**Student:** 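Structure below; questions to follow.
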Amino acid sequence: MRAAAISTPRLNKMPGMFFSANPKELKETDHSLLDDKTQKKRPKTFGMDMKAYLRSMIPHPESGMKSSKSKDILSANEVMQWSQSLEKLLANQIGQDVFGSFLKSEFSEENIEFWLACEDYKKTESDLLHCKAEKIYKAFVHSDAAKQINIDFRTRESTAKKIKAPTPTCFDEAQKIIYTLMEKDSYPRFLKSNIYLNLLNDLQANSLK
């Protein structure tokens, strides 16, 4: 079991991103992310790609571009708000990707992938619930899942029973456990990580120029 540790436009085309959190894109691709097997070794370019992505989010004074005028650009205030709660972090689509990349560096990206898949699942039309529930279960909950999440046996069994007659809430119990896991374990480390602190420092320095 792995240690537990979670849009800006066109994030699925950004280097180093684990996947786009856009619900529409998830529906159009039929949740292809659920069928991909997680690679346990990070690519050598992972760190460099993430730095390049974060640099692209920082406004350049010489261009006169301000974050308030472009949804593509982050502000120091936005990033500071991420430290207020995991809820605020996950409410920001760029925050989802930055946190997701941090989890990937800790080999626990399945947590945010499952959480986001559950968020999308709740918005699923009733006639598609069964198919989508099966995919999420096989990808994250099943005892042999490639991206198995860290939940107790009782919750795993309970979820297996619920998806036989799926409802929009059948993954709620497991999702709550994973959210709490991220909130108490990974999130505090994220706030102390270089990926977060360097981004915040760069944005604060940039705002003084």
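Just so we're clear, the structure is a prediction, and the values are computed from it rather than from any experiment.
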**Student:** Of all residues at least two apart in sequence or in a different chain, which pass the side-chain hydrogen bond (donor to acceptor under 3.5 Å, both in side chains) check with Ser158?
**Tutor:**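 side-chain hydrogen bond (donor to acceptor under 3.5 Å, both in side chains) check on Ser158 returns nothing, list empty.
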**Student:** Counting distance only, does the side-chain N/O of Asp185 pair as donor-acceptor with the main-chain N or O of Leu181 below 3.5 Å?
**Tutor:**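 No, the answer is negative, given that no donor and acceptor are paired below the 3.5 Å cut-off.
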**Student:** Any chance you could measure Tyr187, atom OH, to Thr180, atom OG1, to the nearest 0.5 Å?
**Tutor:**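 It comes to 14.0 Å.
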**Student:** Please list every donor-acceptor pair under 3.5 Å in which a side-chain atom of residues 79-91 meets a protein atom from a residue at least two apart or in another chain.
**Tutor:**
unit_1, atom_1, unit_2, atom_2, d
Trp82, NE1, Glu78, O, 3.4
Ser83, OG, Met80, O, 2.6
Ser85, OG, Lys88, N, 3.1

**Student:** Applying side chain to side chain contact (heavy atoms under 4.5 Å, CB included) to Phe114 and Lys147, what does each step give before you reach the verdict?
**Tutor:** CA-CA 9 Å; Phe114 173 70; Lys147 302 178 182 181; over 6 Å; no
**Student:** Roughly how far, to the nearest 0.5 Å, is the NZ atom of Lys164 from the CD atom of Glu134?
**Tutor:**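 Here the interatomic distance stands at 10.0 Å.
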**Student:** Starting from the C-alpha separation in whole Å, work towards a yes-or-no answer on side chain to side chain contact (heavy atoms under 4.5 Å, CB included) for Ser105 and Ile195.
**Tutor:** CA-CA 10 Å; Ser105 74; Ile195 191 173; over 6 Å; no
**Student:** How far apart are the closest heavy atoms of Ile112 and Met182, and which atoms are they?
**Tutor:**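 It is N-SD, 3.9 Å.
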**Student:** Could you measure the distance from the CG atom of Asn111 to the CD1 atom of Ile178? Nearest 0.5 Å is fine.
**Tutor:**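 These two atoms lie 4.5 Å from each other.
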**Student:** What's the spacing between Thr155 OG1 and Gln175 CD if we round to 0.5 Å?
**Tutor:**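 If we round to the nearest 0.5 Å, Thr155:OG1 and Gln175:CD are 13.0 Å apart.
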**Student:** Answer yes or no: is there a side-chain heavy-atom contact under 4.5 Å between Phe102 and Arg189?
**Tutor:**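 The answer is yes, as the side chains (C-beta and beyond) meet within the 4.5 Å cut-off.
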**Student:** Which pair of heavy atoms, one from Leu200 and one from Ala76, lies closest together, and at what distance?
**Tutor:**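 Between these two residues, the closest heavy atoms are CD1-O, 3.8 Å.
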**Student:** Of all residues at least two apart in sequence or in a different chain, which pass the side-chain hydrogen bond (donor to acceptor under 3.5 Å, both in side chains) check with Asp127?
**Tutor:**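 Asp127: no side-chain hydrogen bond (donor to acceptor under 3.5 Å, both in side chains) contacts found.
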**Student:** How close do Leu191 and Leu197 get, heavy atom to heavy atom, and via which atoms?
**Tutor:**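 Heavy-atom minimum between the residues: O-CD2, 3.5 Å.
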**Student:** When you look at Arg156 and Val141, which way does the side chain to side chain contact (heavy atoms under 4.5 Å, CB included) test go after all the steps?
**Tutor:** CA-CA 6 Å; Arg156 201 178 303 279; Val141 183; 3.8 Å; yes
**Student:** Between Cys170 and Thr159, which heavy-atom pair has the shortest distance, and what is it?
**Tutor:**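 Heavy atoms of Cys170 and Thr159 come nearest at O-CG2, 4.1 Å.
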**Student:** Could you check if a side-chain atom of Asp152 sits within less than 4.5 angstrom of a side-chain atom of Ile177, using non-hydrogen atoms only?
**Tutor:**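 Answer yes - side chains close enough.
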**Student:** Quick check, are the ring centers of Tyr121 and Phe171 under 6.0 angstrom apart?
**Tutor:**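 So the answer is yes for these two rings.
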**Student:** What is the ring orientation for Tyr179 with Trp115, classed by angle as parallel under 30°, tilted 30 to 60°, or perpendicular over 60°?
**Tutor:**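 It falls in the tilted class, 30° to 60°.
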**Student:** Nearest 0.5 Å, what's the NZ-SG distance between Lys132 and Cys118?
**Tutor:**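 These two atoms lie 11.5 Å from each other.
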**Student:** Closest heavy-atom contact between Ala117 and Ile136?
**Tutor:**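 Scanning both residues completely, I find the closest heavy atoms to be O-CD1, 3.8 Å.
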**Student:** If you measure from CG on Asp120 to NZ on Lys122, what distance do you get to the nearest 0.5 Å?
**Tutor:**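 Atom-to-atom, Asp120:CG and Lys122:NZ are 11.0 Å apart.
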**Student:** Could you go through the salt bridge (Lys or Arg N to Asp or Glu O under 4.0 Å) check for Lys176 and Asp172 one step at a time?
**Tutor:** CA-CA 6 Å; Lys176 183 178 180 180; Asp172 281 8; over 6 Å; no
**Student:** Take Glu173 and Ile151 through the test side chain to side chain contact (heavy atoms under 4.5 Å, CB included) and record every step on the way to the result.
**Tutor:** CA-CA 10 Å; Glu173 186 179 9; Ile151 57 177; over 6 Å; no
**Student:** Provide the closest heavy-atom pair for Pro166 versus His130 in the form atom of the first, atom of the second, distance.
**Tutor:**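 Smallest heavy-atom distance, with atoms named: CG-CA, 3.6 Å.
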